Amino acid sequence: MKNKLVLLFLGCAVLSYAQKKNTKNTVKIKPKSEFVAELISKMTLDEKLGQLNLPTSGDITTGQANSSNVAKNIAEGKVGGLFNIKSVQKIKEVQKIAVEQSRLKIPLLFGMDVIHGYETTFPIPLGLSCTWDMNLIERSAQIAAQEASADGINWTFSPMVDISRDPRWGRVSEGSGEDPYLGSQIAKAMVNGYQQHDLTKNNSILACVKHFALYGAPEAGRDYNTVDMSHIRMFNDYFPPYKAAVDAGVGSVMASFNEVDGIPATGNKWLMTDVLRKQWGFKGFVVTDFTGIPEMIEHGMGNLQDVSALSLNAGVEMDMVGEGFLTTLKKSLDEKRVTMAQIDNAVKLILDAKYDLGLFEDPYKYCDEKRAKTEIFTAANRKEARQTASQSLVLLKNQNQALPLKKSGTIALIGPLADAKENMPGTWSVATKMENAVSLLAGIKEVAGPSTKVLYAKGSNLDYDEEFETKATMFGKTLHRDARSKEELLAEALKIANQSDVIVAALGESAEMSGECSSRTNLEIPQAQKDLLQALIKTGKPVVLVLFDGRPLALTEAAATVPAILNAWFAGTEAGYAIADVLFGDVNPSGKLTTTFPRSVGQVPIYYAHKNTGRPLSNTEGKFEKFRSNYIDERNEPLFPFGFGLSYTTFDYSNLKISSDKMNFNGKVNVTVDVTNTGNFDGKETVQLYIRDIVGSVTRPVRELKGFQKITLKKGEKQTVTFEITVEDLKFYNSELQFVAEPGMFDVFVGTNSNADKKVSFELTK
């Protein structure tokens with residue numbers, strides 16, 4: 001009887017918090033450790049396992065929450081959180097079930113893939129990374145958190161920080177490129193943007209770094225496939241962005257689908273416990289990816305009970321969709337395959353997160369209908385998205401100053417991506433209302449103004465193969481396939497091309513040609529569009545290629561024949577305006593590649609920070625040499641290197657200096673360079689610093705990014721840029737996985753991309 005009274009008191013107490021809907025008048029509760037410990041002590045085993053269960057929202061719709069199957073489990077205390085449910089009205093309805101109908105009134109987490117914005121959509125993460133602007137990137141996450149939290153969401157499955165050096169892998173679009181240093185800076189910025197160093201705010205949300213670990217390096221570039229690499233490569237090249245997110249205080253981590261050292265990450269104790277918790281000190285909770293636990297059955301790790309116990313023992317706390325924890329851990333506990341202490345610890349970490357978010361004080365903290373009406377897809381947010389998108393575009397070629405365009409005359413806008421607003425937000429834009437996106441056609445007409453005549457023709461479909469186009473335009477991202485013959489489409493395009501002063505060709509990938517489960521073996525523009533492009537070039541009119549893509553493409557033919565190429569990625573809801581801003585010179589492009597563009601798919605994987613070989617080429621012209629490390633049918637170097645990006649102006653680097661040619665372990669050296677805007681436009685330049693460790697106890701990359709600064713220079717202006725180098729910049733993981741710097745000589749390169757050739761050197765001494 002006494003226990004029943006205690007449970008009744010606890011339920012009423014938590015319910016009283018739930019009924020406080022004004023966050024300014026929330027009831028203060030006990031300190032976290034005490035509060036959570038007391039709550040766990042009152043929970044049944046079923047209720048504990050329920051906190052570890054993360055189903056999708058399933059059949060819940062507005063006004064029907066109480067009759068749904070998921071709602072029944074919530075009322076029974078068998079759900080810890082939900083994802084893929086959107087809107088304050090729906091979420092409030094479901095939260096009410098948890099805090100008014102379940103026995104202990106424990107509030108739910110509500111998660112969503114808020115990847116690159118919410119309804120105001122920013123460029124895909126790969127595009128966003130090309131801004132090289134951490135303030136912009138952090139701000140994009142902050143706006144995403146503001147909008148998502150205004151709509152009831154309190155947890156995002158972002159940032160994705162997987163390093164990838166294989167553009168065949170579709171999810172390269174969702175990450176920040178190939179470099180661990182830059183990726184680490186972006187990981188930190190994204191976490192800070194979402195969580196704002198203060199989860200008690202009603203416009204901050206819990207971040208979830210993913211996919212831990214190594215997900216970006218699958219064999220053959222095929223999604224979900226096997227990953228196999230040495231520990232030294234893990235720690236030096238692939239782990240740093242995850243660790244940076246942990247160091248920034250990320251609240252949760254998502255396990256990856258792939259195996260690590262022969263054991264799937266979801267069941268890998270070395271990964272989740274030894275590295276993540278013991279070495280890095282992670283204090284939050286780990287959630288699986290979608291059905292990550294039952295998928296270990298196909299990996300050959302046992303039945304559902306086996307893999308569920310394996311996952312809990314590894315250090316995973318929450319089971320997304322699989323329900324293995326919910327349905328098998330009780331039996332495993334009876335059989336002593338798991339312990340109650342492990343279950344209690346998992347529950348504690350999830351309740352800690354709910355406490356940190358303020359959900360015990362006010363379960364309806366994120367259910368303010370006024371915010372939902374006034375803070376989502378606002379004019380101010382759209383303005384910032386447009387400005388950010390314009391900074392993400394990368395000018396790859398601009399022969400004879402073909403760009404910027406004049407706001408006069410006649411422009412022929414041609415291509416299957418020209419009037420395709422549904423594709424502008426790109427992949428993983430689940431909250432976006434596609435009807436709100438701005439097409440390139442609409443953007444050009446608006447920005448060009450009444451003095452410019454804009455003619456439009458589709459020119460071709462995405463691809464000659466209709467079945468392929470269907471696979472590449474899923475989730476409502478249609479390109480409205482044209483039933484006319486390729487000859488009819490081309491004839492229409494050539495007719496308007498011949499009436500124009502300049503042709504803008506909007507070509508490339510559709511939004512869903514990259515992203516999850518969109519791996520490709522062909523990295524070229526689809527043949528239908530290549531044929532269209534070459535026909536447009538033959539008109540003799542100047543052609544500007546606006547390239548849409550979610551990955552590095554092999555553009556060797558286009559790069560040789562097209563006067564100007566602007567890589568637009570998928571720039572978000574404001575894409576059309578942002579691209580037009582750059583095309584007409586209202587914004588000077590300043591994006592820099594964060595992934596290497598290959599000449600052909602046969603070079604993949606290709607990345608700038610590679611190791612040297614014992615038989616490198618002796619020439620720098622790419623000429624074939626027998627018994628050297630090269631191809632008989634292709635050059636070694638990429639088409640466009642990491643860090644590359646042109647501007648409408650030009651920048652000159654001069655007077656590179658280093659403060660000393662020696663540095664001890666407690667010292668530092670400063671590297672300075674003068675950068676001058678020598679062109680005719682004001683512009684922004686990302687000054688990049690690379691270091692090469694000449695001799696090491698293990699082989700070292702030919703160069704590594706260790707610093708960058710994005711500066712703004714007016715026409716004719718000069719600025720001295722200073723970089724500070726300390727011993728921390730020289731450290732790496734050696735063969736014993738010790739993080740060390742070793743005495744010896746170092747070369748320092750500074751310039752406009754990873755091929756920077758201005759060099760100074762110094763010696764690290766004991």
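From a predicted model like this one, the values you see are computed outputs, not experimental measurements.
Between the side chain of Q95 and the backbone N or O of P363, at least one donor-acceptor pair lies under 3.5 Å. Checking side-chain atoms of D133 against main-chain N and O of N135 turns up a donor-acceptor pair under 3.5 Å. Put simply, the side chain of S429 never gets that close to the backbone of T432: no donor and acceptor are under 3.5 Å apart. In this structure, the side chain of N53 engages the main chain of K78 through a donor-acceptor pair within 3.5 Å.
Here D352 pairs with K348 under the salt bridge (charged side-chain N to carboxylate O under 4.0 Å, His left out) rule; sequence neighbours left out. Evaluation of the salt bridge (charged side-chain N to carboxylate O under 4.0 Å, His left out) rule for K445 yields no partner, not counting sequence neighbours. For E323, there are no salt bridge (charged side-chain N to carboxylate O under 4.0 Å, His left out) partners two or more places apart in sequence or in a different chain.
Judged by distance alone, the side chains of T120 and E147 do bring a donor and an acceptor atom under 3.5 Å apart. There is no side-chain donor-acceptor pair under 3.5 Å between S519 and R171. Neither side chain, N436 nor E119, offers a donor N or O lying under 3.5 Å from an acceptor on the other.
Residues M424 and T573 have side chains not in contact (no heavy-atom distance under 4.5 Å, counting atoms from C-beta outward). Using a 4.5 Å cut-off on side-chain heavy atoms (C-beta onward), I106 and K354 make contact.
Tested against D162 for a side-chain hydrogen bond (donor to acceptor under 3.5 Å, both in side chains), the candidates Y215, W169, Y242 yield a single pass: Y242.
With rounding to the nearest 0.5 Å, the separation of OG1 in T427 from CE in M474 is 10.5 Å.
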